[in-house]
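Numbers for residues simply follow the sequence, beginning at 1.
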Amino acid sequence: MLIRKITSPMSRPHIDTNSDTQLRIEERAFSAAGAAFLSAIIVNPLDVAKTRLQAQAAGVPYQGDCRMTHFHTNTRLQDVMCPVSGSQPSRPCPSGCYTYKGTLDVFYKVTRHEGFTRLWRGTSASLALAVPTVGIYMPCYDILRNMMEEFTTKNAPNLTPYVPLLAGSVARSFACISCYPVELARTRMQAFRITQSGKPPGVWKTLLGVVHPDKGTSIFQSLHRYRFLWTGLGAQLSRDVPFSAICWSTLEPIRKNILGLVGDEASAAAVLGANFSAGFVAGTLASAITCPLDVAKTRRQIEKNHERALKMTTRTTLIEIWRDGGLRGLFTGVGPRVFRAGPSVGIVVSFYEVVKYALQHARPTSS
């Protein structure tokens, strides 16, 4: 990428040994896995805030000291009561009691009632998801993009600008389908509040709870429920494929223009800055546009009624969200989602490209 992308369209690189096409698949995977690890740890609190806000809008009660005496419909919380000491009956909670009012309010209440470390709830699942997902996604994107650009440059130059869109969509689809059950576990781990005394279930236990919810039923009798591990996959793909298409279509021109200002001898700092800037802008734009699809994905993933979960579609879920919350409902959690996606994409892409840069320049150059 480095030399091939910073040269002008009128000229072709004359040193192929430094091109990223020379990197092996394991080197690409190593670069991507390191980027995913770093990003997952840094932005996880924002992911928790986004998921909690979306789960609350879908009707998941806070489950704090306030008790839910009545729960009605998929998105409305009613009759919130606060307990009092002695034999006195419960009294109504003050307005806003144990409901999340925004990103900072999520941080405050999670820290106060569950502990500071709960902001990293689901990090194990995020790492278990991000490392293999990005390890598949980024190398596949690189390889597909290089192959498609080579083909279109020779046979259909007019289609070359659309290569990032197609390569990103295909690579993301493959990575998403491969690792989806862990994504389902992460969303459920982040959406539901765990009390101080309760031991939060891990990834494996969360997935077992999806496949084997009834304790009285043998797990061997419930093997057909494996399909529940892909509950909401359609919503995930309908979010991630457009996200990738928008992201890469925006990112590639920006970083090409920035690196073009540097010239043929780009330093590691220039590569880092160009890729982080391009990734930040692209991630912010793509996450804002696809936020309604992210809300639909979260709602489908946290649905505990298996029959309803299997019947839900992205379209019907979006209609339900619009009916219950309007435009505001469709963009629930857009703040933490945007604040998470911009730095996350920037970190992943820049770290990935810098490691590739280091690996490329560590190679002996042939004369």
Side-chain angles (χ1 to χ4, degrees), residues 1 31-54 102-108 110-111 116-131 133-135 137-138 141 164 168 172 175-176 183 186-187 190 239-240 242-255 257-259 268-291 293-295 297-298 331-357:
M1 188 278 292
S31 304
F37 181 87
L38 182 64
S39 174
I41 293 176
I42 292 175
V43 302
N44 196 79
L46 288 168
D47 209 29
V48 171
K50 180 212 68 162
T51 304
R52 289 287 181 97
L53 290 170
Q54 292 178 350
T103 303
L104 295 179
D105 195 44
V106 174
F107 291 160
Y108 171 74
V110 169
T111 301
F116 181 72
T117 57
R118 292 295 193 229
L119 291 175
W120 278 266
R121 174 75 177 131
T123 300
S124 60
S126 294
L127 292 174
L129 172 70
V131 172
T133 299
V134 178
Y137 176 40
M138 296 294 288
Y141 169 75
R172 189 63 189 179
C176 188
E183 166 68 25
R186 181 184 67 160
T187 301
Q190 292 177 340
R239 181 201 70 172
D240 281 8
F243 179 93
S244 293
I246 295 169
C247 185
W248 288 112
S249 298
T250 306
L251 187 150
E252 290 286 5
I254 293 176
R255 73 174 172 186
N257 288 332
I258 295 176
L259 289 171
V271 172
L272 175 66
N275 281 280
F276 183 83
S277 300
F280 186 92
V281 172
T284 299
L285 179 63
S287 61
I289 294 174
T290 59
C291 186
L293 297 170
D294 184 62
V295 176
K297 177 209 71 114
T298 300
F331 285 88
T332 301
V334 65
R337 173 168 166 77
V338 167
F339 291 140
R340 173 196 179 281
S344 179
V345 175
I347 291 169
V348 168
V349 175
S350 59
F351 186 93
Y352 178 66
E353 294 296 339
V354 166
V355 173
K356 282 169 54 181
Y357 177 93

Minimum heavy-atom distance between Phe243 and Gly283, given as atom pair plus value: CE1-O, 4.0 Å

Short side-chain to backbone donor-acceptor contact, Glu252 and Pro164, under 3.5 Å: no

Test applied, side-chain contact (heavy atoms from CB on, under 4.5 Å); reference residue, Ser287; option that passes from Ile246, Val338, Val345, Val334: Val338

side-chain contact (heavy atoms from CB on, under 4.5 Å) partners of Phe107, counting only residues at least two apart: Pro45, Leu46, Ala49, Thr103, Leu104, Leu119

Qualifying residues under side-chain contact (heavy atoms from CB on, under 4.5 Å), relative to Val355, sequence neighbours excluded: Phe30, Ser31, Phe351, Leu359

Reported OG1-to-CD1 distance for the pair Thr250 and Ile289, which is rounded to 0.5 angstrom: 7.0 Å

Distance-minimising heavy-atom pair for Thr332 and Gln54: O-NE2, 3.2 Å

Neighbour count >12 (heavy atoms, 6.0 Å) for atom CZ, Phe339: no

Interatomic spacing from CE in Met138 to NZ in Lys356 - rounded to 0.5 Å: 7.0 Å

From OH (Tyr141) to SG (Cys247), nearest 0.5 Å: 8.5 Å

Salt bridge (charged side-chain N to carboxylate O under 4.0 Å, His left out) contacts touching residues 332-345 (sequence neighbours left out): Asp47-Arg340, Asp294-Arg337

Ser244 and Tyr137: side chain donor to acceptor below 3.5 Å: yes

Evaluation steps, side-chain contact (heavy atoms from CB on, under 4.5 Å), between Phe276 and Ile347: CA-CA 6 Å; Phe276 183 83; Ile347 291 169; 4.1 Å; yes

Reported CG-to-CG distance for the pair Asn275 and Leu259, which is rounded to 0.5 angstrom: 6.5 Å

Straight-line distance of Ser277 OG to Asn257 CG, nearest 0.5 Å: 12.5 Å

Check: Glu353 and Arg255 side chains under 4.5 Å, non-hydrogen atoms: yes

Atom of Leu251, atom of Gly279 and distance for their closest heavy-atom approach: CD1-CA, 3.6 Å

Distance (rounded to the nearest 0.5 Å) between Ile41 CD1 and Trp120 CH2: 10.0 Å

